[in-house]
Amino acid sequence: MSLLEQTAAWVKAHHAGDSSGHDWWHIDRVRRMALRLAQDEGADPFVTELAALLHDVGDWKFHNGDEKAGSRIAREWLMTHHAAEDLVVHVCGIIDQLSFKGAGVNTDMPSIEGRCVQDADRLDAIGAIGVGRAFAFGGKFGRPMYDPDIPPELHATFAAYKSKGGPTLNHFSEKLLLLRDRMQTAAGKRLAASRHEFLETFLQRFLAEWSGDA
Ligand code: ADP
Ligand code: NI
């Protein structure tokens, strides 16, 4: 089996049983979207696919906020499989920079492969799938769906973003609605515009039903 095939099989087992929107099919969608963006952008498909497959193996949200867990676990896996050091550095650098870390925190990606994976991951957080994932995550972590008495916050630091625990609907203003303007690839920007519009329609409808106007 090739390194990509071995990694896909390991990652699939690693994410088995997840019900927070970080299941294998999230990884598979991100991998397929990242490869599509990579083709348009002229990025290296091998690095792109490897980073997409490994991007959530050690997500800080599931490792007590440890923001280096992802790159550490990915590095161990790649080294066990004798990957070249420059490949390990590139893939682990992408994983370190990938995650959204709060409204005021810069997470620019130095490489085009990183930008393809980051755009693909962010596209999966918006649109209809994004709505589904947000409520799956909120339910899994005991968040209320909505509480009109708790206003959203724009977090200036990763520490503030990490420690938040508000209702799922606040996550839309704290993160999901900010993603469209942070997309970095041409196709990513186009798809994000349409998924963003769907988020706005969903929110309008949710609030109209809440107040009894629809
Ligand atoms: P990132 O690394 O940028 O957070 P992920 O692939 O880990 O990207 O997926 C993040 C997704 O997890 C969000 O888009 C959302 O669906 C869900 N999520 C994270 N935090 C929250 C939250 N506080 N409330 C609801 N959903 C959340
Ligand atoms: Ni992800």
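Numbers here simply count residues along the sequence, with the first being 1. Just follow the structure's listing: the first ligand is 1, and inside any ligand the first atom is 1.
- At least one N or O atom of R133, backbone or side chain, sits closer than 3.5 Å to an N or O atom of ligand 1.
- The closest approach between a heavy atom of L98 and any atom of ligand 1 is not below 4.0 Å.
- Nearest protein heavy-atom neighbour of atom 4 (O) of ligand 1: K61 NZ, 2.8 Å.
- Taking atom 10 (C) of ligand 1 as the reference point, the nearest protein heavy-atom neighbour is K175 NZ, 3.3 Å.
- Remark: ligand 1 atoms within the under-4.0 Å shell around heavy atoms of A125 are 14 (O).
- Looking at atom 3 (O) of ligand 1, its nearest protein heavy atom turns out to be F100 N, 3.0 Å.
- Residues forming a side chain to side chain donor-acceptor pair (under 3.5 Å) with H196 (at least two apart in sequence, or on another chain): E200.
- Among all protein heavy atoms, the one lying closest to atom 15 (C) of ligand 1 is H171 NE2, 3.7 Å.
- Side-chain contact between F62 and D56 is absent, with no heavy atoms from C-beta onward closer than 4.5 Å.
- The shortest N or O to N or O distance between T168 and ligand 1 is not below 3.5 Å.
- The nearest protein atom to atom 5 (P) of ligand 1, hydrogens excluded, is given as H22 NE2, 3.3 Å; this is a heavy-atom distance.
- With sequence neighbours left out, S20 forms a side chain to side chain donor-acceptor pair (under 3.5 Å) with D18, H22.
- The shortest separation from a heavy atom of A134 to ligand 1 is under 4.0 Å, placing the residue in contact.
- Excluding water, every protein N/O/S atom under 2.8 Å from the Ni ion (ligand 2) is given here by residue and atom: H26 NE2, H55 NE2, D56 OD2, D121 OD1.
- Defined by atom type and a distance below 3.5 Å, a donor-acceptor pair is present between the side-chain atoms of D121 and H55.
- Heavy-atom distances between E174 and ligand 1 stay at or above 4.0 Å for every pair.
- Taking the ring pair (Phe, Tyr, Trp, His ring centres under 6.0 Å) definition, one finds that H155 meets it with Y161, sequence neighbours left out.
- Heavy-atom proximity to L176, at under 4.0 Å, picks out these atoms of ligand 1: 14 (O).
- Close contacts of ligand 1 with R143, meaning ligand atoms under 4.0 Å from a residue heavy atom, involve 22 (C), 23 (N), 24 (N).
- Between F100 and T107 there is no side-chain heavy-atom pair separated by less than 4.5 Å.
- Listed by atom number, the atoms of ligand 1 under 4.0 Å from S99 heavy atoms are 1 (P), 2 (O), 3 (O), 4 (O).
- Listed by number with element, the atoms of ligand 1 under 4.0 angstrom from any heavy atom of H26 are 6 (O).
- Taking the six-membered ring for Trp and thresholds of 30 and 60 degrees, F206 and F135 have nearly parallel ring planes, at less than 30 degrees apart.
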### Task
Under the side-chain contact (heavy atoms from CB on, under 4.5 Å) rule, what do L78 and L3 come out as? Steps first, then yes or no, please.
CA-CA 9 Å; L78 291 170; L3 178 59; 4.2 Å; yes

